[in-house]
There are 2 protein chains.
Amino acid sequence: MVKRTSFEGDSCPIARSLEALGDWWSFLIIREALFGLRRFGEFQNKLGLAKNILSVRLRSLVDHGILATAPASDGSAYQEYVLTPKGRGTFPILVALRQWSEEFDDAPEEIATILVDRAKGRPVKKLEMRAEDGRLLSPADTMLKPRPAPRRRSAH
Amino acid sequence: MVKRTSFEGDSCPIARSLEALGDWWSFLIIREALFGLRRFGEFQNKLGLAKNILSVRLRSLVDHGILATAPASDGSAYQEYVLTPKGRGTFPILVALRQWSEEFDDAPEEIATILVDRAKGRPVKKLEMRAEDGRLLSPADTMLKPRPAPRRRSAH
DNA sequence: GCCGCATGGTTTTATGATGCAACCACACAA
DNA sequence: TTGTGTGGTTGCATCATAAAACCATGCGGC
């Protein structure tokens, strides 16, 4: 099978999320959806991708529970694509990607927008990794542990 | 040109980071690198991807300044691939992806590992978005602002 | 009631990327 | 010098991607 090596059965959560989010376009579609776009044509105009690709990506995102199709809303007989909670949950990922660019991009002057706190107009703080008790953690302060065996509720 | 739509000139920082990080394999290579893998063969064994693909991905990551080639280290005449600071800076992105899976995956019981605080062995806290003054922000509390005009240092 | 146009897709087709397998190059050991 | 392990590159079949053409539906004008 040459098929782009699906990670569906993979036990790594990173691989699993990448499997669901798919590719570049999916990220950008989600980005636009977070900004309020909902219609096929809106996505197409904003992103400038081919309609067939958009069609496939939207379907994939719907299949993965990231978007849902809503019947209408403005009376037209067409569908809208709205984010599910799972879809909205990707926000930190996009913020992390954005902040990484802002910090490390070779040509930061080409970055057009900054994410700010709506109330104050000031940039949001860098995402930080913290322990349960609030201690700031660096990568070296963390490790992977096997997931504890699932405590099955109906096993007596 | 069919060429997989490069986002190189794009002004969106999310597109820019995706351009650099490339694809699934790149993420997974970085994941392994964060765990200490450095040698071609190590990556190949762990990830099980074709050597030519690995070769291309490693080169791309080096080109983007995420990995650097180090001359040796264990005496062998070959290279090692080590993360640059820019590469280590991707850690929050991977954590965000991981946490998204942990929270929303349809089959969370298939996830094999959890990321824990090394000191306490407890799971790390969910990444939070905060304002400069520490207020917790939801997506709706944020907005995009055009980047302020770059104050060019040498313009008189 | 039919023309034209906008929206929302699907089909067609070419090219490019992917991945398996085979091959090459080098170091080192027997 | 032959063998073995590491670190790749090359060849080639196949799949996915994307541009463009095409189809279908709704709607306003007339």
Side-chain angles (χ1 to χ4, degrees), chain A residues 1-10 15 18-29 32-33 36-64 67-82, chain B residues 1-10 15 18-29 32-33 36-64 67-82:
Chain A
M1 272 254 254
V2 182
K3 72 169 301 193
R4 194 249 266 73
T5 311
S6 161
F7 299 118
E8 221 162 328
D10 200 296
L18 292 174
E19 173 72 20
L21 296 172
D23 62 355
W24 316 271
W25 286 126
S26 300
F27 275 99
L28 299 181
I29 290 168
E32 298 304 333
L37 298 200
R38 343 181 97 215
R39 298 292 288 261
F40 188 96
E42 290 179 324
F43 289 113
Q44 217 245 314
N45 284 328
K46 195 76 197 305
L47 294 173
L49 82 175
K51 296 200 288 182
N52 55 345
I53 305 291
L54 177 56
S55 185
V56 170
R57 291 298 179 281
L58 286 174
R59 206 181 347 265
S60 160
L61 289 170
V62 169
D63 288 347
H64 282 97
L67 292 176
T69 52
S73 119
D74 69 336
S76 89
Y78 299 111
Q79 307 186 61
E80 297 193 334
Y81 299 89
V82 296
Chain B
M1 272 255 254
V2 183
K3 71 170 300 193
R4 199 246 270 71
T5 312
S6 160
F7 299 118
E8 222 164 328
D10 200 296
L18 293 174
E19 172 71 22
L21 295 173
D23 60 357
W24 316 270
W25 286 125
S26 300
F27 275 99
L28 299 182
I29 289 169
E32 297 303 334
L37 298 199
R38 341 180 99 214
R39 298 292 287 261
F40 188 96
E42 289 179 325
F43 289 112
Q44 217 246 315
N45 284 328
K46 196 76 195 305
L47 295 174
L49 82 174
K51 295 200 288 182
N52 55 345
I53 306 289
L54 177 57
S55 185
V56 170
R57 291 297 178 283
L58 286 174
R59 205 179 353 261
S60 160
L61 289 170
V62 169
D63 287 348
H64 282 97
L67 292 176
T69 52
S73 118
D74 69 334
S76 89
Y78 299 109
Q79 305 185 63
E80 297 193 334
Y81 298 89
V82 296

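These values consider heavy atoms only, across backbone and side chains, with no hydrogens, waters or symmetry-generated copies.
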Taking the side chain as every heavy atom from C-beta outward, state whether [X] and [Y] have any atom pair closer than 4.5 Å.
{"X": "Ile29(A)", "Y": "Leu37(A)", "result": "no"}
{"X": "Glu32(A)", "Y": "Leu47(A)", "result": "yes"}
{"X": "Val82(B)", "Y": "Leu67(B)", "result": "no"}

Quickly work out the [X] [atom1] to [N] [atom2] distance and round it to whole Å.
{"X": "Leu49(A)", "N": "dA19(D)", "atom1": "CG", "atom2": "C1'", "result": "11 Å"}
{"X": "Ile53(B)", "N": "dG7(D)", "atom1": "CD1", "atom2": "P", "result": "18 Å"}
{"X": "Leu54(A)", "N": "dG9(C)", "atom1": "CG", "atom2": "P", "result": "8 Å"}
{"X": "Glu42(A)", "N": "dT7(C)", "atom1": "CD", "atom2": "C1'", "result": "12 Å"}
{"X": "Gln44(B)", "N": "dC20(C)", "atom1": "CD", "atom2": "P", "result": "10 Å"}
{"X": "Arg38(B)", "N": "dG7(D)", "atom1": "CZ", "atom2": "P", "result": "13 Å"}
{"X": "Leu47(B)", "N": "dT18(C)", "atom1": "CG", "atom2": "P", "result": "15 Å"}
{"X": "Lys46(B)", "N": "dT6(D)", "atom1": "NZ", "atom2": "C1'", "result": "19 Å"}

*side-chain hydrogen bond (donor to acceptor under 3.5 Å, both in side chains) with Ser60(B): which residues, sequence neighbours excluded?*
none
_Set of residues satisfying salt bridge (Lys or Arg N to Asp or Glu O under 4.0 Å) with respect to Lys51(B), sequence neighbours excluded_ = none
For [N], does OP1 or OP2 lie under 4.0 Å from any side-chain N or O of [X]?
{"X": "Gln79(A)", "N": "dG9(C)", "result": "yes"}
{"X": "Arg39(A)", "N": "dG8(C)", "result": "yes"}
{"X": "Tyr81(A)", "N": "dG9(C)", "result": "yes"}
{"X": "Trp25(A)", "N": "dT17(D)", "result": "no"}

*Give, for atom CZ of Arg57(B) and atom CG of Leu28(B), the distance between the pair rounded to the nearest 0.5 Å.*
11.0 Å
Give me, pair by pair, the N or O atoms of the protein and of nucleotides 10-12 of chain C that are less than 3.5 Å apart, along with how far apart they are.
| from | atom 1 | to | atom 2 | distance (Å) |
| --- | --- | --- | --- | --- |
| dT10(C) | OP2 | Ser55(A) | OG | 2.4 |

_Test log, rule side-chain contact (heavy atoms from CB on, under 4.5 Å), inputs Tyr81(B) and Arg38(B)_ = CA-CA 5 Å; Tyr81(B) 298 89; Arg38(B) 341 180 99 214; 5.7 Å; no
